[in-house]
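Heavy-atom basis, side chains included; hydrogens, waters and symmetry copies ignored. Everything numeric in this text was worked out from a predicted model, so none of it was measured. First listed ligand is number 1; within each ligand, the first listed atom is number 1.
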Amino acid sequence: MSRYWSAVVNGLTPYVPGEQPKIDNLVKLNTNEHPYGPSPKALAAIREATGDGLRLYPDPNADALKSALAQRFGVQAKQVFVGNGSDEVLAHAFQALLKHERELWFPDISYSFYPVYCGLYGVAQRQIPLADDFTIRVEDYLPQGDGPGEKAGAIIFPNPNAPTGRLLALEAVERIVAANPDAVVLVDEAYVDFGGESAIALVDQYPNLLVVHTFSKSRSLAGLRVGYAIGHPELIEGLERVKNSFNSYPLDRLALAGAVASVEDEAFFQASCQQVIATRETLVAQLQQLGFEVLPSGANFVFARHPARDGAELAAALRARAIIVRHFKAARIDQFLRITIGTDSQCATLVQALGEILAD
Ligand code: PMP
């Protein structure tokens with residue numbers, strides 16, 4: 001607290017990201033990074049961009065990246081917005097598109113940055129409980145009538161959801177979007193490349209649908225900070241208005257060069273996603289053998305609990321062995337561990353350690 005702070009800053013509860021500890025030989029399975037590196041072509045493009053060009057500002061409109069993404073997804077460049085990580089894209093969306101008189105609806109167990117942005121931008125919110133099996137219940141997101149509280153001002157959810165990993169089928173997403181023509185529906189697909197079906201296929205049909213992706217997970221470029229949104233040109237223009245009132249150059253020259261090269265290397269992208277999916281399936285089977293209940297995952301992490309062992313204690317015991325996973329001290333999920341899919345060898349180390357801990 002400081003008397004120099006604004007009233008808004010006094011009232012904030014900031015987001016706390018997973019830790020990035022500096023421990024030797026750490027098995028780091030806590031922040032959903034990709035276990036293998038990015039496309040070598042992306043790395044080469046980044047290296048090439050480190051020349052004299054850095055003297056100059058980057059392209060404020062990121063035209064090359066928007067074109068590459070538009071081509072990749074079969075949309076027009078004016079349907080693409082890019083930002084400094086998908087967190088920045090989400091932040092602009094909260095201010096530009098999700099803030100209305102009616103409440104913003106999102107799941108109670110979800111990406112914990114959403115309530116933080118509500119606090120920062122003064123967005124009225126309603127958190128809707130997930131079903132007992134941790135799925136998003138489509139019926140809960142359909143308007144009940146026209147009265148106060150019966151309709152959402154806007155809707156946001158991750159698909160697959162985080163931290164549960166549970167996936168909603170595209171038909172279910174479409175039911176929510178189609179039933180809410182007066183509200184923007186933002187589908188945060190940070191993890192969709194690990195087995196989900198993207199709602200980008202629906203953006204030409206629904207002017208109220210905005211789909212947000214990131215280069216941090218499936219493209220193994222968390223350190224580069226690139227995210228994007230695809231939707232109707234009017235939604236994109238709303239985001240551009242906020243961006244151009246905030247920072248003209250959110251993506252630097254290295255990020256633009258690396259991101260374009262990553263998008264152009266489709267074969268590498270597909271192969272590296274498949275590798276993570278294969279490791280996930282092996283890890284799920286091994287955790288189940290150890291007695292864990294593992295929620296079905298469409299992401300690069302699994303959410304698992306053991307019927308006989310406390311979640312926080314398991315996380316602490318792993319940490320003592322230099323293996324870090326994410327544990328949330330929140331209602332309904334405090335017995336779960338969220339485990340990022342690592343390399344095969346990291347996952348084997350984890351399974352071995354859990355076997356020893358459970359035998360204690
Ligand atoms: N959405 C979800 C659901 C996430 O889990 C994350 C990662 N913390 C993000 C968005 C943001 O990712 P980034 O800013 O790295 O693109």
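Nearest protein heavy-atom contact of atom 8 (N) of ligand 1 is Tyr111 OH, 3.2 Å. The protein heavy atom nearest to atom 14 (O) of ligand 1 is Arg225 NH2, 2.8 Å. Looking at atom 15 (O) of ligand 1, its nearest protein heavy atom turns out to be Ser216 OG, 2.6 Å.
Annotation for ligand 1: atoms under 4.0 Å from non-hydrogen atoms of Gly85 are 14 (O), 16 (O). Listed by number with element, the atoms of ligand 1 under 4.0 Å from a non-hydrogen atom of Thr214 are 13 (P), 15 (O), 16 (O). For ligand 1, the atoms lying closer than 4.0 Å to a non-hydrogen atom of Ala190 are 1 (N), 2 (C).
Ligand 1 has at least one atom lying under 4.0 Å from a heavy atom of Tyr191. Distances shorter than 4.0 angstrom occur between a heavy atom of Lys217 and an atom of ligand 1.
Under 3.5 Å, the side chains of Tyr114 and Asp188 contain a donor-acceptor pair of N or O atoms.
Checked for salt-bridge contact, Glu264 and Arg72 miss the test: no charged N lies under 4.0 Å from a carboxylate O. Electrostatic pairing of Asp182 and Arg102 does not count as a salt bridge here, judged by no charged N lying under 4.0 Å from a carboxylate O. Between Asp146 and Lys151 there is a salt bridge, since at least one side-chain N of the basic residue sits less than 4.0 Å from a carboxylate O of the acidic one. A salt bridge does not link Lys243 to Glu237: none of the charged side-chain nitrogens sits closer than 4.0 Å to a carboxylate oxygen.
Classification of the Phe292-His306 ring pair by plane angle, with boundaries at 30° and 60°, yields perpendicular. Aromatic ring pairs are classed by plane angle as parallel below 30°, tilted from 30° to 60° and perpendicular above 60°; the pair Tyr117 and Phe94 is tilted. Between Phe303 and Phe336, the ring-plane angle classifies as parallel under the 30° and 60° cut-offs.
Here's the thing with Tyr114: none of its N/O atoms is less than 3.5 angstrom from an N/O atom of ligand 1. Between Tyr15 and ligand 1, a contact under 3.5 Å exists for no N or O pair.
Here Ser86 has heavy atoms under 4.0 Å from ligand 1 in both its backbone and its side chain. Within the 4.0 Å heavy-atom criterion, the part of Asp188 lying near ligand 1 is the side chain and not the backbone. Contact annotation: for Glu88 versus ligand 1, there are no heavy atoms closer than 4.0 Å.
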Exercise for review: Please lay out, stage by stage, how Phe301 and Tyr191 fare under the test ring pair (Phe, Tyr, Trp, His ring centres under 6.0 Å).
Suggested key: CA-CA 9 Å; Phe301 57 85; Tyr191 302 101; 4.9 Å; yes
